[in-house]
Every structure is written in structure tokens, then in C-alpha cells.
Amino acid sequence: MNADKTAVAVKDRIDRILRSPAARALASLAAVVLLGVIFNADGAFFKWGTHRDMLRQVSVFGILGCGMTVVIIAAGIDLSVGSLLGVSSVLFSMLTIHSGVSPWLAIPATLAVGAAFGAASGALSARWSIQPFIATLAMMVFARGVAKLISGGQKISTAVQQADGSYRYVDVPAVFEFINSSVLGGNITVVTLLFLLCVIVTWIVLDRLRPGRWIYAIGGNEEAARLSGVPVRSVKVFAYALSGLFCALAGICQAAQEQQGDPEAGMTYELTAIAIVVIGGTSLRGGTGGIWLTLLGTVIIGYLEKVLSINAVGEASRLMLTGAIIVLAVLFQKRGGS
Amino acid sequence: MSGQVRLSQDEKTMGGKPLLRMSGIGKSFGSVRVLHGVDFELNAGEVHILAGENGAGKSTLIKVLAGVYRNWRGRVELDGRRVSFTEPQQARRAGIAVIYQEISLVGALPVVDNLFLGRERTKCAGLLDREAQREAARALLAGLELDIDIERPAASYPIPVQQMVEIAKALLLDARVIVMDEPTSTLTRPEAEKLFEMIGRLKGRGCGIIYISHKMDEIYRLADRITVLRDGALVGTRAAAELAGKEFVRWMVGREITSQFPPRRPESGPEILRVGNLTLRDKSNSRHKLVDNCSFKLRRGEILGVAGLQGSGNSELLHALFGSFGGRVSGEVRLEGKPFGVRSPAHAIASGMALLTNDRQATGCVTCMGVRANITLAALRKFSPGLWLDGAAERRAAEAGAEQLSLRAASMEMPVENLSGGNQQKVILAKWLETMPRVFLLDEPTRGVDVGVKQEIYSLMNRWTAGGMSIVLITSEMPELLAMSDRIIVMSSGRITARFGRGEATQEKILAAAMSRGGEAA
């Protein structure tokens, strides 16, 4: 009798774990990896280099996804992440390539600007109650304009145009080389390490710090949170500012990888960032989910792209397949949720 | 919907059939029966008041008529023909218009488009016949002596005008049965007068009007007949002229105090809270006061009951005091002798106030978060000195709170949405206890919890007040109010209409004051 009860309890528990978003995301990941194992492109999928490249390619999206996770858990959305990436990559390139500012100054300055843009979106939605979709849509357009304004519409590269129209070539700053390099015996890139750092920072904020708890509370039930004394407006501003900060870091990484600051950089990245978060299993309703899910979502998207590219699937089919697989993954998550 | 046919005395004797006849109407939600075989009739050219306390079943009966529900028992006849609506659209087509308390116009659309919403007049090829619509709308509004520009958005008019537009919309349907659910709850006196005139005209046109109200004076002003429901059952129907006010109130109350309350020893400590002329204006209609010049005192260890029917403003009074409406509140509040500026919930909490709201799911707790996170939410600063959350301290506090309130949850991490109503309520109580409140505002603390938990909550209230906490209690359960309150104030239309000491109040006196309009008798 008692043993029966325990068995039921254990079964219940296993059942609950299997239906959790994390288990769903892991299953999706396993499915994508299995695809890679089957279509391994003559063993290319089994080389570490493939996995390292996958991680490198997806890291910038992952960094954006960290901020997006925070904002989505607060029941918001941030459409401006791609544009903020663009602004930051231009700004960072101008500071380091053109003005020769030390990275010790240029990095904090770029991060601060990103956070300020994010805080502005947050203030628009929290203080003046503009829907986050609209507020960040406006910021997306505005920030893209800023990127074009400060760059003069040109890519900021090592070819610097002089006053007389001729070009002067400068060296690629050392910080670009560093961010773009691989460490630990060439097995992992600095960009990927930065992504993992962002994951840890986000985890600390969401799970270990007071504002994180407030973010979950606001996303779960804003009115109940307000009536419990949660400073709703400040917390929202904080969430968007954090997202902006991550965008700036992503912009720095993007600039380093392209060795230039492109005012067009990051177009449509917001959609990938949202897809990553949702595939991981964080609900757009807010209040639930977490950064580990986003880590899984990032890797799922990464492997998906990788498997398609090593098998030389054409771009047209690749886009169509990616769209279809995103829908599948999200449907799978939804079943788990309800 | 297998209703038995009941022939009333009228039908056997009279040739004229009533406009509407509902017989043996029953409705259950799950295992809970909320209507028990209710009979109701409405004649053409009649205003029939439907009355009863909160939860008596008035709204459910109306929703059956309006086709909101699919499953119910009984029989509905319109003009002697049996009808059964399972969609609101069907009821509307049959000429039944329900005007709910909340305005249901699309604010951004012009008045004329609102009038024709969902039944637009069209020319050939499905094009809108705007000219015909405009003409019909003008004629209709002129007939109602409502002089407004039909091209302006509905939301640009004050609430009473919008309500008139709702009524016009009902007429456009050729509605013959018009249901009005507390239509004056958002209106000032002169605005209500206009509405009453309109009702008179509607009667003249042969419409039957079902009018739901809690206000004695308007009930007797309008009523031809009165039907009273209590606990989902019919108490009786009688011509208004033959039903004296006292008997009417007795019909509504009529309940014996059956549940057991723990004995309460009133404490009389020093004054802790003094509220003077607290006023809260309606955001959308600033002439309308939701809370109108309310003043009261609260002593240490005391339970002050605030009675009032739906829309009386008692719930808003607590929210206004707590800062839910921010600085929109005027008046003077002193907490422990010091001036207390109403600012925000956060400020109120820091000053030693707590508010248990009357809707657990919507405003009480964050249902997708765990028990622990909910319990520590309002006092989170205490558990995170220097931003860093102290999970162990949180868990200890949550477990202690759960222990104190005998909260049953499988784990402290379990989402609150998976708990029963009673246990959810305990989570919310535990949350507020963590803030160490000195004044605890309780808005329907026992709503939707079972009898056992109710008794536990009563005992807790006694224990807390013995420890020096003061409580302001709102409850729509009269026996609970009478047994738990040391003093009672009664509200109606935002104003305090009566005050009673312990032992002075009776259900009849309270209800009479709750249904009266106007200021307090001196």
C-alpha cells in the first residue's frame, strides 16, 4: 500500500519532470543533434571544430537572447536589440579604430550607451505606459537612425577616409583580435566565453538577486506585484537597461568578428533572439522560464543552422526548414506547458 | 434543458400572456448549484425589479436569459413561444437587450457606428449604407431627446451619455425586453434622473424592463413589481405597492446565522488610524465620487467592519487608503498620530499597512510563482540585504508562515496556482504577515474558501488583534460581519450612511443603510 503510494509519487514526479519546459527543450536539442548524427556530411559533424564554430556563430544571438529572456519574463518584448547591436558596433569601432581609444575605456563607454538606450525603451513603456511592442519598435527604428547618423552611413573599417578623400589604413585594434580569438588550446572562442559569462550574469540577476524576483513577479501578475510594494516602473526600466547592456556587448563582439562597425549590423536579429527564448520554453506571457532554457534554445538554433549548412542545403530551403522547425519546437513546448 | 411545464394561475385564467416567462430555471457550475428552479415573469410596459444580496443569483438568471450559458435547466417563453438561446446573438435577435454595468461601446468608433455595430445596413455588393445609418440614428436619438453629434467617438461623451447610447442600441434592435444591471452605479443624481425619464418612455412604448438595483429609493420609484432571490432560490414576487420596505429587506436577508464563530473579546486600545474626509474620484468621470468624504477611526486591536453592497465604494475605500490609486485621493489620514500621505502601496506597506484584496487570482498573488516566492514578495527587502536573496532565510520564513497558518502545500516551491482556494488565501495572508502590519485591511478574506478555512481565518483574526493588530474588514456575508466586527460602518454610493457599535447592528439595519442613498443621519 505504502510502496504503491511511493511508486505513484515517483511516477508523478517523473511525469512532471518530463513535461517541464527544460525536458522539452532537451528533447528538441536531442532531435536536432540526432539529425546531425544522421546527416553528418561525411563525418564533419563529429569534429570538435564544427561544434566550436557553431557556438561561435550563435554566441552573438545568445547574448541578445540573455537580455530578451529578462524582458520577456517581465512580460515585455524588446524589438530594438538588433538596432542597439548596430549602434554599439559602430560606436565601438569609431572609438577603437578611428579614435584609438583604449578598450578599457571604449568597452565601458559602449556598454553604458547600450544600457542607456535600453533604459529609454523601458521608461517609455513603464513611465508613459506605451506598449513594450510599440516602445521598442520605435526604439528599433530610432537607434538604427542613430547608427547611420554617427557613422555617416559608412562602414567603420580600418580604411579611414582622410579629409582629401584618400584612404589611410590603420591596424586592426588588438582588442578585436582578442575577442575574435580562440582560447584553451583553440577549442573555444572568446565570443562564446562572453556568451557564457552573460548567461551566468543573467542567472545571478534572475535567480539570486532581488530585482530578478521582482521581474518574475511583474511578469506573472503586475497588479499583484504593485500591490505587494514592488517598484514596478524601476524594475521594468532595469530589465530593458540590462537588455540594452547585453546588446552593446553583442555589438562589440559583432564588430570584432567583422573587423568593422556596420550601421546595418543586426538587422532582423531581434527575431532570432525572440525565437531562441521561445524555443527554450520561456513563455511570452511572462512570469515563467529562465536563462538555462535560453541557453538550450541558443544551442538548438545553432545546431539547426549548422546541420543545414554542413549538408550544403541551399539558402531558400534552409530558411523554409528553419521556419518550419521553429514552429515544431514551439508547438512541442506549448504541449508541455499546458 | 428538459424543463417541466408549469402552468401558473395567470395562464389558466387570463388570455393575455406575459411578455417573458422563465420557469424552473436551474443552473450549476460544476457541483455547485447557483440557481434552484427560479420562476420569473415580465409583462409588457412593466418595470420589474430583480433584487437580492451579492451572490443571490441575479446575474446568473440574466445570463441564462441572454444566452450566455449553454447548459441550464428550465423553460423560457417569449410571447408564449418557447425559446432557448445558447448564443448571446440569438437572444439579441429575439429582442432581448442586456445593458451590463460596464459600458460595452467601442470607444474609438463614432456613435453611429456603435449603434449599428454587428448589424450594419448595407447597399448592394455589401457596401455600408452610411447615409441610411446616419438617418436612422438621428431619428432614433431625437426620439430619445438625446442631442449629440453621432459622428464623434463614443468615448468622447461622458459615461451617462454613453449609457444612453447603449440604451439606444438596445432600441435599435427593437428590443422588447431590456435588462439593466445597476445602471445608476456610475451616475450622479441628475444623470440618474435622466435615465429614469427614459425608462418611463420605454415603458410607454411597451418594453418590459428588468431592473437590477441595490438602491431602495430608486427601486420604489421605478418598480411595478419586485422579485427577490436569495441563495439562488426565489423568495417571492409581489407588486411594489404591496411590499413594504421592511418586509422587502427581510426577504433579502432572511437567513439565520448558522456557522459558528469563535468568541470575540473586543479590545479597546489607543487610536491607531484616523481617516478624515477621504475622497476618491472616478478616473473617467471626475464628477462621480467612488469614495465620498469618508471619515472613521480605528483603535489598536479593533476590528472595524465596513458593510456595503456591490458598488458601494467600500472596496475602493480600502484601496484608496492603501495607495492603490496613488495620489488621486484627497483627505487627511493620521497613522499612529502622525500625518500619513497616501502615495503608493509600497509606502503603505513600509508604514505598517497591508491589504488583502478581494480577488486572489487577479490581484492577490502571482499564481505562476512558488509558495515561497509569494510569501516573501511583500517583504523581499528583509530577505535580500544588499540585493542578494537569502534563499535559506526565505525558506525558513515560508515554512514558519505555512506552519502558523496550517498551510498545506506539497512543497514550498510549488506554484500557487496548483493550490486550493483556501491554501492560496493562506499564502496571501502569510505574505502580509511577513510585513508585520499594524493595520490589516481585509477585503473579503473568506471569499471562496471552505467552511473549515473560514473558521481558521476567524481564529487568526482574533489572535492577531489580541496581539495588537487592527483590522478593517469587508465581507458580504452578514453573519460574518456581525460576529467579527467590534464596530460597523455602512457605505452606500461612496458615502458612510450608518455607524453601529458592537451589538447595535442587525442584518436588517445594515441592509437598510446599505440600500439608502445620501448622507449619514446625524
Side-chain angles (χ1 to χ4, degrees), chain A residues 5-6 8-10 12-13 15-17 19-22 72-75 126-127 129 201 203-235 238 242 281-290 336-338, chain B residues 318-319 322-326 343-351 353-357 359-370 372-391 394 410-411 414-418 424 427-428 431-432 434-435 441 443:
Chain A
K5 249 186 189 168
T6 324
V8 169
V10 168
D12 204 51
R13 204 183 165 120
D15 208 45
R16 202 172 303 154
I17 291 170
R19 278 187 296 151
S20 71
I72 285 178
I73 289 175
R127 177 68 188 79
S129 340
V201 167
W203 173 70
I204 289 173
V205 168
L206 284 178
D207 277 45
R208 286 289 173 266
L209 297 186
R210 191 198 305 149
R213 179 68 55 75
W214 281 341
I215 284 169
Y216 277 99
I218 290 171
N221 186 339
E222 185 171 330
E223 185 61 8
R226 189 177 74 90
L227 293 175
S228 299
V230 173
V232 174
R233 285 178 184 171
S234 326
V235 173
F238 168 76
L242 189 64
T282 294
S283 162
L284 283 177
R285 275 195 312 259
T288 59
S338 60
Chain B
L318 298 201
H319 275 280
F322 189 65
S324 307
F325 303 104
R343 232 182 287 159
S344 66
H347 175 61
I349 293 166
S351 311
M353 273 200 238
L355 168 64
L356 180 111
T357 62
D359 190 336
R360 281 193 291 277
Q361 309 276 337
T363 53
C365 54
V366 184
T367 50
C368 60
M369 286 203 321
R372 169 177 61 109
N374 267 288
I375 289 181
T376 57
L377 184 61
L380 201 60
R381 286 197 164 87
K382 193 166 81 181
F383 297 100
S384 53
L387 287 187
W388 202 269
L389 289 167
D390 184 347
E394 277 192 83
S411 101
M414 187 173 170
V416 170
E417 61 202 352
N418 297 339
Q424 288 183 358
V427 168
I428 300 170
K431 169 178 83 174
W432 289 119
E434 280 303 322
T435 68
L441 313 172
D443 192 352

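Residue numbering restarts at 1 for every chain, and letters A, B, ... go by the order of the sequence lines.
- Closest heavy-atom contact between B/F322 and A/L227: CE2-O, 3.4 Å.
- Of all heavy-atom pairs between B/L377 and A/A217, the closest is CD1-CB, 3.7 Å.
- Contact annotation for B/T357: only side-chain heavy atoms (C-beta onward) come within less than 4.5 Å of a heavy atom of chain A.
- Taking every heavy atom of both residues into account, A/G287 and B/C368 meet most closely at O-SG, 3.6 Å.
- Taken from CD in A/E222 to OG1 in B/T363, the straight-line distance is 13.0 Å, to the nearest 0.5 Å.
- A/S228 approaches B/K431 most closely through the heavy-atom pair OG-NZ, 2.8 Å.
- Residue contact with chain B, scored on non-hydrogen atoms closer than 4.5 Å, is absent for A/I218.
- Contacts between B/T376 and chain A at a heavy-atom distance below 4.5 Å involve the side chain alone, from C-beta outward.
- Most heavy-atom pairs under 4.5 Å with chain A, from the set B/A362, B/S344, B/G364: that is B/A362.
- Taking every heavy atom of both residues into account, A/N221 and B/Q361 meet most closely at ND2-O, 3.1 Å.
- For A/E223, the salt bridge (Lys or Arg N to Asp or Glu O under 4.0 Å) partners at least two apart in sequence or on another chain are A/R226.
- In terms of heavy atoms, B/L389 sits closest to A/R210 at CG-N, 3.9 Å.
- B/H319 touches chain A through its side chain: at least one heavy atom from C-beta onward sits under 4.5 Å away, while N, CA, C and O do not.
- Note on B/A350, B/S384, B/A354, B/G323: by heavy-atom pairs under 4.5 Å with chain A, the leading option is B/S384.
- Only the side chain of B/E394 comes within contact range of chain A, with at least one heavy atom under 4.5 Å from a heavy atom of that chain.
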